[in-house]
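Every chain is numbered from 1 and lettered A, B, ... according to where its sequence line falls, protein lines coming before strand lines.
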Number of protein chains: 2
Amino acid sequence: MRSGPISRAELARATGLSKQTASEVVRDLEANGWIRERGQTQGLVGRSATTYELDAGRAYVLGVDLGGTKVHVALADLSGAIAAEEVDATDRRGGHHVIEQIAALTRSAAARAGADPRRIRYGAMGSPGVFQPGSGRIIIAPNIPDLDQIDVVKALRVSLGFGVAVENDVNLAAVGERWRGCCREAATFAFVALGTGIGMGLMADGKLIRGARGAAGEIAYLPLGGDPFDSRGYRLGTLENAIGSVAIMERYRGLGGQGAEDVRGVFDRLVDGDAAARTTMDEVARVLAQALMAIRAILDPELVVLGGSIGARPELVERVRALLNGFMAEPLRVEASPLGGRAALMGAVGTALSTLYDSVFGMTDLPGEQARTAGVETAA
Amino acid sequence: MRSGPISRAELARATGLSKQTASEVVRDLEANGWIRERGQTQGLVGRSATTYELDAGRAYVLGVDLGGTKVHVALADLSGAIAAEEVDATDRRGGHHVIEQIAALTRSAAARAGADPRRIRYGAMGSPGVFQPGSGRIIIAPNIPDLDQIDVVKALRVSLGFGVAVENDVNLAAVGERWRGCCREAATFAFVALGTGIGMGLMADGKLIRGARGAAGEIAYLPLGGDPFDSRGYRLGTLENAIGSVAIMERYRGLGGQGAEDVRGVFDRLVDGDAAARTTMDEVARVLAQALMAIRAILDPELVVLGGSIGARPELVERVRALLNGFMAEPLRVEASPLGGRAALMGAVGTALSTLYDSVFGMTDLPGEQARTAGVETAA
DNA sequence: GTCCTTTGTAAAGGAGCCTGACGAATGTAG
DNA sequence: CTACATTCGTCAGGCTCCTTTACAAAGGAC
């Protein structure tokens, strides 16, 4: 969908509705304040047309990315432009304290954007762990105490005053990449996050795949990179045991590597030409490439986006690409996440905006490109 | 959707339409001959109702399962009951000869069912290989010469006089299992076919997953059971090289096994207590279990159905179940395909019927259970 | 026999869309 | 500068699909 000034007649042509109906729609939207007159067309043959534009400040949506260490909040206006962002360290007391923290950050973002908080209509929140739509709880959410004890959806609705959809953060990252990342043209793709943990968000034919119990994309459990029948290893996941951040450090130290405190450090040593770092990354890439081969064999995605603090590193992406290109007849397209750590946040905003659009315009398409430029510098 | 006699008022309640509208729908359908009066309700309080039933013989649909060695054709009436089936060895001349063969089998099935061939409204055909919707061609279709040279959809339409949807046979098998097999309650599941080749049909949230290029479910390429970076092995697929029928025989012979001509023979020897046969199947099950673990990690299906001449064997299913139950906290449900070799055929019939229902009733649900009893004994 | 329930039809109307006609406003050709 | 072609937006009317309300007909329950 394109945005920007549009006339009644143009709208009719774009939507396929009759001129008459389009005109009624415009009248209606204007009466409700969703759009307003912008100007006139000029220079073309025929009568000049009155153009309309979205009243971007008429409504806002909230996106939340709740992590074990940080809470990230973004407010976007009706046009999809980010009006304000806030970050904070996640409240360690967990549970309701985190809910209250999100509410406070939202108020602060609204103030910074100069937006009436009552104009925020919908929200979406990404969180690690598996979300149970039935109970509204997030189960297996690590690092945040008591979050699995409360109905998060209900609590957020009470604290914020509007509905908030909850979704796995990696799934939202996939949504984000499709909205404003590198998957705008792709209907079927996978977002593989490699950071502290390993996860994947899947989109097939433009829809998120959640699986029967909401555990689709839990590729930590892929039987690759180790003995899948080792029941101790299975608890964390065979793949995670092989290329999770802990495993990477073990590999590095096992190869005699020194001078790196964490995975970021290993990447730093890689630049210095450290042999252990190189071998470590070669090994990790080799296992990761196998994971992508498995994803491809099962799902046939148009591309796979690598994200997360480790996955998005070009040193790793290059290695994986080289391995896959080496012998596949039609190599799998692999990209580093352009949105990086903001993918889930963008996905949350996009999801909330999509809900808003659906309720206002009766459509689900999101506005594209143009909205992307403004307002991001407001970010905390 | 239930079928069987239904009154106007009942229809209104079932569909949520108003009594008035339901009445109009009934009037319309009766005028067009799709339904007819059946009788009256009795014994209940209130005025007795006139009931209606489908005129099952008003229209038929065709299902085709085209394999490298056999062509299977089934005719079903409007109620979904199989009216006639035909089988034949696939015409080895391939191409248009196969199309003509399908047309001949269809005529013969119609004659056997006592149905006017002009009443066949839609068809669906399953075939190995990847179907390209754009060109109507089936590419990489093994064992049938020249089939990738012709527009199969067009040719079938000309020969048969009605439209035929073409789909990968394993995908249709998944549809079949959902319609009349063991996945009627499952919205997200996988059908894994293990026979001459290896393939998988995927359903997520009740919809087939085809992938970006129609190659979803090509699990022959799963990087399991061998070195995935061996480019020779990759051509056929790493997994297929490990547990395809050829690989199974190699394993058996490599273990000193004797007296089995084919995989069926190995299963026979298993019953006799042959140690090589047992080890072979243990190994195959071990690799297959890993494949299911990968499928589970990526898709989180409600269950996995094992089909194909090898996959549906209880000796194998039991072994796989035992391996998965051994250490998984929440074991994956694994079932042997109850439809067996007829899964794809049933899926084809179901798909065609679904199209017919859509066009007649403006709905996509298929009739359930009750239709299953009648007419199958007419099968060839 | 009366009452209550249920079926099915009739009448009227609304929501959402469309078509066709037409006046108003504009650029362009002569 | 004028006549014309083009485009915008509205008006009037109508179609389709569905709903609500009212009511007559047909049955069981007491």
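Distances shown here put a side-chain N or O of Thr50(A) below 4.0 Å from the OP1 or OP2 atom of dG9(D).
Although no hydrogens or angles enter the test, the distance criterion places a donor-acceptor pair under 3.5 Å between the side chain of Tyr357(A) and the main chain of Leu78(A). Asp65(A) places no side-chain N or O within donor-acceptor distance of the main-chain N or O of Ala344(A), the cut-off being under 3.5 Å. A donor-acceptor contact shorter than 3.5 Å is absent between the side chain of Arg8(A) and the backbone of Thr50(A).
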Verify side-chain hydrogen bond (donor to acceptor under 3.5 Å, both in side chains) between Gln20(A) and Ser23(A), making sure each step is shown before the conclusion. CA-CA 5 Å; Gln20(A) 176 64 8; Ser23(A) 221; 5.7 Å; no
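Side-chain contact between Leu208(A) and Val175(A) is present, with at least one heavy-atom pair separated by less than 4.5 Å. Residues Phe189(B) and Leu202(B) have side chains not in contact (no heavy-atom distance under 4.5 Å, counting atoms from C-beta outward).
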Per-nucleotide protein contact string for nucleotides 23-30 of chain D (B base, S sugar-phosphate only, - none; heavy atom under 4.0 Å): -BBBBS--
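Note on residues 154-168 of chain A: pairs passing salt bridge (charged side-chain N to carboxylate O under 4.0 Å, His left out), not counting sequence neighbours, are Glu167(A)-Arg210(A). Residue pairs meeting the salt bridge (charged side-chain N to carboxylate O under 4.0 Å, His left out) criterion with at least one partner in residues 34-58 of chain A, sequence neighbours excluded, are Arg36(A)-Glu53(A), Arg36(A)-Asp55(A), Arg38(A)-Glu53(A).
Heavy-atom distances under 4.0 Å link DNA chain D to no residue of residues 23-34 of chain B.
Remark: Asp169(B) engages no residue in a salt bridge (charged side-chain N to carboxylate O under 4.0 Å, His left out) (not counting sequence neighbours).
A side-chain donor from one of Ser18(A) and Thr21(A) sits under 3.5 Å from a side-chain acceptor of the other.
On the nucleic acid side, DNA chain C has its first and last nucleotide under 4.0 Å of a heavy atom of chain A at dC17(C) to dG27(C), going 5' to 3'.
One interatomic measurement links the two molecules: CG of Leu11(A) to P of dT7(D), which rounds to 18 Å at whole-angstrom precision.
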